[in-house]
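Below is one structure, written out as structure tokens; the observations come after it.
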Amino acid sequence: MTISQTIAQQRSAGKAADFDAIIIGGGISGMFMLYRLRELGMTARVFETGTDIGGTWYWNRYPGARFDSESWTYGYSFSKELMQEWDWKEHFSPQPDTLEYLNHVADKFDLRRDMQFRSTVKSAHWDEATTTWTVALESGEQARSRFLITAVGILSAYTLPAIEGRDSFRGPTYHPARWPHTPVDFTGKRVGVIGTGATAIQAIPEIAKQAKQVTVFQRRPNWAAPLHNAKISKAEMEEIKSRYDEIYAHCRQTSSWFIHQTDPRKALDVSPEEREAFWEKLYAEPGFGIWIGNFSDVLSDERANALMSEFVARKIRQRVKDPAVAEKLIPKDHGFGTRRVPLESGYFEAYNRDNVHLVDVINDETIERITPNGVKTTRKEHEFDILVTATGFDGVTGAFDRIDLRGPGGTSLKDIWKAGQPRTYLGMLADGFPNMLMVLGPHTARGNIPHAIEHCVNFHAGLLSFMKDKNYTRVETRPEQVAEWTEAVIKASEGLLASEIDSWQTGVNRNVEGRLERRVLGYNGNGAHFRKRTDDTARGGYRELRFR
Ligand code: NAP
């Protein structure tokens, strides 16, 4: 149903044409928020750009797209029945299976009836007189609500490469975050791939299996480690189901809400033999253990990090046959784990294939422009049939920036955040924006994303329920609490090697104007402490917030 139809229906029923809440985004966050709002008896409308539910898993249909978290820690945990009836097929679920899971959730809880697709929110303006948000879609339709919930995702504002002639290529160009719904046939095609982030690292081995030739344009290499995915047997899934309570309770207590937990030992305190044996073990194990289950000093001490980086560099040299190519694939400007580690399935071996060619666009030949035929570098014009721009996202704040969000007095969120650090309370509410509740806002704890989403949504549901009980209609942050939280977030990022590296996590994106300065975009402290802090706020009656 469109907004106009809803409004017409409500008018004929003699009701105001408003919703209690408008949710921007129909991914994992928006779907769960809708479920919780219904439980509270609130009317809600989700506006979603896509033609269906799923968010990240709706858009990112590129070959090789799959989880980097264990599937059985990725699902929603709010319904035991849902957990028990869903069988994950692989330890790290591929995109089609994940989307199937989310469809199952949407069907089971009849979520679509409050969701409007093909509906991109263009602006949301606060009206102090009525204490409401007015939301306008790109189509020109408008709706009002008391609460605005941003469920826009941290990696949804995809960015195209700022390369001259970008739109001049005559063949198809695909960004992985806007991949076609019908699979792309690479058979017999010459394919150019720009970018070597987590997305490209998943896609390149798969494209290479089909294409006649793949040329990868690499600006900076990334450290990557094996995913070690495997199928889940029926018996194994039953065993996992029997331990769900234990698994989820464990995740809630770890620092990033994954099953992996930092090893208390320090790399520099143990013998070289013990160190090497531990790293061999981690390299052979599935998932993020090698990143977040590593020695406690690897991500904070440069000497420990250098040893770890050298270990992974050795692995790359062992896996890539041509030593010159191997050297190009080894990062020299940042240490292992200082950017979110892409988990790969045969990425390095892809460069052993005759049809895959690596172009180092920093040291060997620079990209001059994109042409109708392909990519022109300082050495030659590389000709392609298909171009893939796996050039990433304007992380965390990018999706907010794409909406004209205005608080009291017409203050623009984009302008405020542009001027410096985002200012929030717990990453849940933005300073100066009443009744705007953020799911995965900047300065919140993230780690294992669905766990972070569930925690955010539950916090907001608790807050809304509290307001309902007290008959409050307006909530906003308190300046002193925002100042304290912003300082805590900045402090938590200090001493981490990742804070000294350019990445989407530190807010740097050379394809976006004004995105060259590093910022702190997430709470990098312990997730279990964050959980306690937010739970304490709720238990204490939200005294850190101001109500009317
Ligand atoms: P990304 O890590 O930011 O990588 C973008 C790549 O494009 C980088 O190699 C970048 O080079 C390159 N690039 C950008 N603009 C360029 C230009 N103008 N010319 C040449 N190269 C250019 O983005 P991503 O790969 O999409 O991954 C982003 C995040 O998404 C990941 O960190 C991860 O959190 C998430 N992700 C998760 C999964 C999963 O397994 N669940 C899969 C994919 C992605 P520079 O490094 O030099 O900037």
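Along the sequence shown, residues carry numbers from 1. In this text, all values refer to a predicted model and were calculated from it rather than measured experimentally.
A cation-pi geometry, defined here as NZ or CZ lying under 6.0 Å from the six-membered ring centre and within 45° of its normal, holds between R178 and W59. Both tests hold for R531 against W257: distance to the six-membered ring centre under 6.0 Å, angle to the ring axis within 45°. In this structure, R265 satisfies the cation-pi test against F278, with its NZ or CZ atom closer than 6.0 Å to the six-membered ring centre and inside 45 degrees of the ring normal. Under the 6.0 Å distance and 45° angle rule, K414 does not count as a cation-pi partner of F400.
For the residue pair T391 / N511, no side-chain donor-acceptor distance below 3.5 Å is found, with atom types taken as modelled.
The aromatic rings of W86 and H104 sit tilted relative to each other, their planes meeting at an angle between 30° and 60°. The aromatic rings of W279 and F295 sit perpendicular to each other, their planes meeting at more than 60°, with 30° as the lower class boundary. H91 and W72 have perpendicular rings, their planes meeting at more than 60° on a 0 to 90° scale where under 30° would count as parallel. In this structure, H455 and F530 have perpendicular ring planes: the angle between them is above 60°, well past the 30° mark. Using cut-offs of 30° and 60° on the angle between ring planes, the pair F258 and F288 is perpendicular. Y35 and F109 have perpendicular rings, their planes meeting at more than 60° on a 0 to 90° scale where under 30° would count as parallel.
Residue K491 qualifies as open at atom NZ: its count of foreign heavy atoms under 6.0 Å is 12 or below. Annotation for K532: atom NZ does not count as buried by contact number, only 12 or fewer foreign heavy atoms lying within 6.0 Å. Annotation for K315: atom NZ counts as buried by contact number, over 12 foreign heavy atoms lying within 6.0 Å. Around CD of E480, the count of heavy atoms belonging to other residues, nucleotides or ligands within 6.0 Å exceeds 12.
Under the 3.5 Å distance criterion, the side-chain polar atoms of N229 are matched with a main-chain donor or acceptor of F92. Side-chain atoms of S296 come within 3.5 Å of backbone atoms of P264 as a donor-acceptor pair (strictly under, hydrogens ignored).
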task: With ring-ring contact (aromatic ring centres under 6.0 Å, His included) as the test, would you mind laying out the steps for Y74 and W88 before giving the verdict?
output: CA-CA 10 Å; Y74 201 97; W88 293 103; 7.2 Å; no
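With values rounded to the nearest 0.5 angstrom, N222 atom CG is found 5.0 Å from I201 atom CD1.
Within the 4.5 Å cutoff, the side chain of K89 has heavy atoms near those of the E100 side chain. Here the side chains of L437 and T150 are not in contact, with every heavy-atom distance at 4.5 Å or above. Proximity of Y542 to T537: side-chain heavy atoms (C-beta onward) are separated by under 4.5 Å at one or more points. Using a 4.5 Å heavy-atom threshold, the side chains of I154 and I449 count as touching. Between V270 and K266, the closest side-chain pair of non-hydrogen atoms is not below 4.5 Å.
Among the candidates N509, V508, T159, the single residue satisfying the side-chain contact (heavy atoms from CB on, under 4.5 Å) test with R515 is N509.
Under the salt bridge (charged side-chain N to carboxylate O under 4.0 Å, His left out) criterion, the residue pairs touching residues 58-67 are R66-E90, with sequence neighbours excluded.
Considering all non-hydrogen atoms of both residues, A430 and M436 come closest at CB-CE, 4.0 Å.
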